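Some notes on the structure that comes next.
Protein chains get the first letters and strands the later ones, always in sequence-line order, with residue 1 at the start of each. On a predicted model such as this, the values are computed, not experimentally measured, just so you know.
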Protein chains: 2
Amino acid sequence: MPTDTTSTGASSGSRALEHPARADIRLTDVLHALADPMRLRIVRTLAAAEDELNCADIPLPVSKSTCTHHFRVLREHGVIQQLYRGTAKMNRLRRADLEDLFPGLIDGVLRAADLQARRLGED
Amino acid sequence: MPTDTTSTGASSGSRALEHPARADIRLTDVLHALADPMRLRIVRTLAAAEDELNCADIPLPVSKSTCTHHFRVLREHGVIQQLYRGTAKMNRLRRADLEDLFPGLIDGVLRAADLQARRLGED
DNA sequence: GCACTCATACGATAGACGTCGTACTACGGT
DNA sequence: ACCGTAGTACGACGTCTATCGTATGAGTGC
């Protein structure tokens with residue numbers, strides 16, 4: 001029950017995507033997932049949206065295959081939740097699970113990323 | 001001056017070890033450095049000690065070469081400060097620099113690691 | 001000076017990672 | 001039924017990583 005992905009109900013519910021159960025999420029895996037510029041950008045965008053986003057809603061300077069790869073890494077390491085909604089695949093941060101396991105961690109990383117972006121004049 | 005390693009004075013001051021300046025520390029590098037079980041254990045031990053530690057003071061289930069490798073990664077990514085003191089090499093967390101750049105990040109990771117260790121019965 | 005200890009350097013190796021392009025599948029609309 | 005769109009699968013490629021063993025360098029103490 002920690003990784004219930006059927007809560008939206010109205011989805012066509014075709015293929016199931018494998019997510020790690022909350023208890024199986026490992027800190028080093030999460031850190032590894034976040035330790036990549038592309039993935040960190042994805043996570044920041046998802047966090048800023050506070051709503052589920054289409055893969056294509058997050059512009060990345062890499063090919064579509066690479067994009068798929070990064071989303072999968074984030075999902076398999078327990079950082080995001082993905083579910084199909086028709087032809088699109090919606091993405092959402094697993095805030096509740098992560099907050100339960102590692103309170104404050106994600107917010108700390110996001111704040112750090114914001115500070116660095118401001119400091120370096122990016123973003 | 002952000003990376004002054006001569007503050008201890010009494011050290012023999014032989015070889016200098018390269019450390020990134022505070023402004024050059026990148027979040028993804030720090031996360032990557034922490035995203036390894038061995039290195040996370042090193043950092044946790046250093047944080048718990050709150051004092052500088054010899055490399056050999058941190059027992060790791062890997063060879064000495066590998067140990068050296070991990071310490072170098074941590075240093076080159078700005079997580080720890082190393083300085084020679086005679087034949088030993090002392091290690092210390094760069095808490096001030098990291099706290100200045102990414103407030104709360106390290107503490108968040110350490111707390112997360114503690115919680116996970118308790119949850120999994122390790123530690 | 002010599003032995004001992006702490007740590008490095010240097011290869012070597014096996015595996016993981018980020019990236020790409022192309023071919024393919026799934027769904028939705030017309 | 002058909003096409004278009006969103007995303008996957010697969011194979012390839014070069015790079016990076018974690019690990020090791022052995023040989024080497026730097027200090028301490030006898």
Working for side chain to side chain contact (heavy atoms under 4.5 Å, CB included), residues A/Gln116 and B/Arg26 | CA-CA 8 Å; A/Gln116 175 174 290; B/Arg26 290 293 168 272; 3.9 Å; yes

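Applying the 4.0 Å criterion to OP1 and OP2 of D/dA9, one finds that A/Arg72 has a side-chain N or O inside that range. Using a 4.0 Å cut-off, no side-chain N or O of B/Thr66 falls inside it from OP1 or OP2 of D/dT19. Contact annotation: B/Thr68 does not reach the phosphate of C/dA7 (side-chain N/O to OP1 or OP2, under 4.0 Å). The side chain of B/Arg39 contributes an N or O atom lying less than 4.0 Å from OP1 or OP2 of D/dA18.
By the salt bridge (charged side-chain N to carboxylate O under 4.0 Å, His left out) test, B/Asp100 pairs with B/Arg22, sequence neighbours left out. A search for side-chain hydrogen bond (donor to acceptor under 3.5 Å, both in side chains) contacts involving A/Arg41 returns nothing, not counting sequence neighbours. Checked against side-chain hydrogen bond (donor to acceptor under 3.5 Å, both in side chains), B/Thr66 has the following partners two or more places apart in sequence or in another chain: B/Ser63. Considering only residues two or more places apart in sequence or on other chains, A/His77 meets the side-chain hydrogen bond (donor to acceptor under 3.5 Å, both in side chains) condition with none of them. Applying the side-chain contact (heavy atoms from CB on, under 4.5 Å) test to B/Pro37 and every residue at least two apart in sequence or in another chain returns A/Thr28. By the salt bridge (charged side-chain N to carboxylate O under 4.0 Å, His left out) test, A/Asp107 is found to be paired with A/Arg95, residues two or more places apart in sequence or in another chain being considered.
Atom CG in B/Leu53 sits about 11 Å away from atom P in C/dA7, given to the nearest Å. As rounded to whole Å, 13 Å separates atom C1' of C/dG18 from atom CD1 of A/Ile42. A/Leu60 places its CG atom 15 Å from the C1' atom of C/dC20, with the value rounded to the nearest Å. Computed from coordinates, the B/Phe71 CZ to D/dA18 C1' distance equals 15 Å when rounded to whole Å. Summarising the geometry, the separation between CD on A/Gln82 and C1' on C/dA26 is reported as 16 Å, rounded to the nearest angstrom. One can place CE of A/Met90 at 9 Å from P of D/dG7, the figure rounded to the nearest angstrom. Between the P atom of C/dC17 and the CE atom of A/Met38 lies a distance of 17 Å, rounded to the nearest Å.
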Pairwise N/O distances under 3.5 Å, protein to nucleotides 2-6 of chain D:
from	atom 1	to	atom 2	distance (Å)
D/dA6	O4'	A/Thr87	OG1	3.0

Enumerate the protein-to-nucleotides 10-12 of chain D contacts in which both atoms are nitrogen or oxygen and the separation is below 3.5 Å.
none

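Applying the ring pair (Phe, Tyr, Trp, His ring centres under 6.0 Å) test to every pair with at least one member in residues 37-75 of chain B, sequence neighbours left out, gives no pairs at all. Listed by first and then second residue, the ring pair (Phe, Tyr, Trp, His ring centres under 6.0 Å) pairs that reach into residues 44-65 of chain A come to none, sequence neighbours excluded. Within the structure, no pair that satisfies the ring pair (Phe, Tyr, Trp, His ring centres under 6.0 Å) test touches residues 35-56 of chain A, not counting sequence neighbours.
Across C/dA7, D/dC20, C/dT19, the shortest atom-to-atom separation from the side chain of B/Val62 is found for D/dC20. Side-chain atoms of A/His70 lie closest to C/dG18 of the nucleotides C/dA9, D/dT19, C/dG18.
Shown for residues 27-37 of chain A: residues whose heavy atoms fall under 4.0 angstrom of DNA chain C, namely A/His32, A/Asp36.
Nucleic acid contact class of A/His69 (heavy atoms, under 4.0 Å, all strands): base.
Checked against A/Val30 for a side chain to side chain contact (heavy atoms under 4.5 Å, CB included), the options A/Val109, A/Leu74, A/Ile25 give a single hit: A/Ile25. Results of the side chain to side chain contact (heavy atoms under 4.5 Å, CB included) test with A/Leu93 over A/Ile42, A/Val43, A/Leu53 single out A/Val43 as the only residue that passes.
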